[in-house]
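Working notes for the structure below.
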Amino acid sequence: MPKECRRKSSKDLGLLGTGINERGRSERRAAAKSPPISDERSWKAAEVAPSSGAPAVMDAHQVPQVTITPEEGGSSREIQQEDWDDVVDCTLRRKLSSSSISSTGSSAVESEDDLLSDNESKSKGIVTLEHLVDSGEQNKPWWKLKTYVRWPLNATQRKKLSWVQLAGHKGNFKAADEGTILKKFSENEMECFEKLKDDTLLPFVPAYHGTVEKDGECFLHMTDLLANFSHPNVMDCKMGVRTYLEEELVRARERPKPREDLYRKMVEVDSNGPTPQEHSQRAVTKPRYMQWRETLSSTNTLGFRIEGIKKHDGTCRTDFKKTRSKQDVIQVFKDFVGGNVNLIKSYLSKLTEIRQSLNKSHFFRRHEVIGSSLLFIHDHTGKAQVWIIDFGKTTALPDGQILKHDVPWQEGNREDGYLWGLENLVHTLESVSNEDTNDGTCCSVTKENSQTTETHGQ
Ligand code: I3P
């Protein structure tokens, strides 16, 4: 890797001078209470969905909550001025970012509060979708689609890719040779790609071509997963029962940082979401927000959640915050494939291959996989593919430790519930497939069906 990349990455990641590096993280973890990883009881506690098809419910009652708690003596913790400065700063930056959305869709939404809430954690996958703004009754909400694009685009290509509302976080994506893209450098993600070169998961992750320095910034050079599709339909499913790292939780406890922007996002969806104290502070911590998101969606109940969908006709949806039940998810999948059960079968076969590879993967055993997504892509030709993307928050375990990925998470065991989620995802798609009719379509996607998911969406 170019020396410049390493130096810049540290700066970009906000790690310079903070002492927060991989070693620092390990120390934090060691400081956190750490029940033995992969112990026998965890195995026995595993409640992987039985082959009957009914997803088991992962025990979530032990999820540690993080709120801004009163100090001893009962009074509310006063939010330090610097914390509020952060809030204001963050809010301002976010406002600026929204106003910077241009025809290229670029924005500068960056957060520097929690550990890894920086450019490193901002490493998104090949395509991710993000809620932008609510913009009124009709055409609302509108979304930006963060995607790797082939670049530069001529007028015809632009038209062809008119659904692409480009690039998420400012400067995260850059032009690259045909069929490839550049993603803003993340040391964590780079290390994952390097390790994946020798792993059984290699066929299921974007091909990685090394680091590149462009315009004074460093990027990961990788294959554009959409390149071989014509007008693709894309769905992003975030995997696992947990979407934040244990160290984020530890840090939030040590020094809770109130986030007004997250409070506002919470209230937008559910005015009863925040506690009275959070209401009075008009802020929540990030892990608290993330936990709330997990509980509201199918992350906790199924071990995965739908983040966003872009369809070939240009429509994008990321209003799945309340898509929680298996039935809700089934409706979304039916809509995604336009009732074509053959696509569901293709996806099932890809998921089976992925599951087999995960079971053999040395990398998977040795990493806490947080915030990673499965990216479903198909087009009108019937071609369908599933990719494993987003390794910005995938973290190596200390030497000698491994994860099961299908046992309940308890703070300290670092389990992520990835395999449990995959199992439930497979069962969900099987349910769609079982509704197959003789003419090769699963129950038609009626307007009513679409509305069902909308009703359950935010
Ligand atoms: C965001 C989502 C992202 C998270 C982001 C959240 O919430 O959970 O995964 O980024 O944190 O705001 P939502 O989906 O409701 O918009 P990371 O995964 O990178 O932590 P952020 O606001 O600190 O960027």
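Numbering of ligands and ligand atoms starts at 1, following listing order.
Ligand-side atoms of ligand 1 in range of K238: 9 (O), range being under 4.0 angstrom from any heavy atom. With ligand atoms numbered from 1 in the order given, ligand 1 contributes 7 (O), 13 (P), 15 (O) to contacts under 4.0 Å with heavy atoms of Y289.
Among residues two or more places apart in sequence or in another chain, the side chain to side chain contact (heavy atoms under 4.5 Å, CB included) test is passed with R355 by T352, N359, L422, E423, V426.
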Test T323 against D328 for side chain to side chain donor-acceptor pair (under 3.5 Å), laying out the working first.
CA-CA 6 Å; T323 303; D328 285 349; 5.5 Å; no
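Closest heavy-atom contact between F333 and C237: CZ-SG, 4.3 Å. In terms of heavy atoms, F304 sits closest to M239 at CB-SD, 3.7 Å.
Residue contacts with ligand 1 for L262 involve side-chain atoms from C-beta outward but no N, CA, C or O (heavy atoms, distance under 4.0 Å).
Where the criterion is an N or O separation shorter than 3.5 Å, residue side chain and backbone included, D261 fails it with respect to ligand 1. Between R259 and ligand 1, a contact under 3.5 Å exists for at least one N or O pair.
For the residue pair K326 and S431, a side-chain donor N or O sits within less than 3.5 Å of a side-chain acceptor on the partner. When only modelled atom types and interatomic distance are considered, S186 and N188 share no side-chain donor-acceptor pair under 3.5 Å.
For atom 11 (O) of ligand 1, the nearest non-hydrogen atom from the set K321, K286, E294 belongs to K286. Selection from R305, K265, R293 by nearest heavy atom to atom 6 (C) of ligand 1 gives K265.
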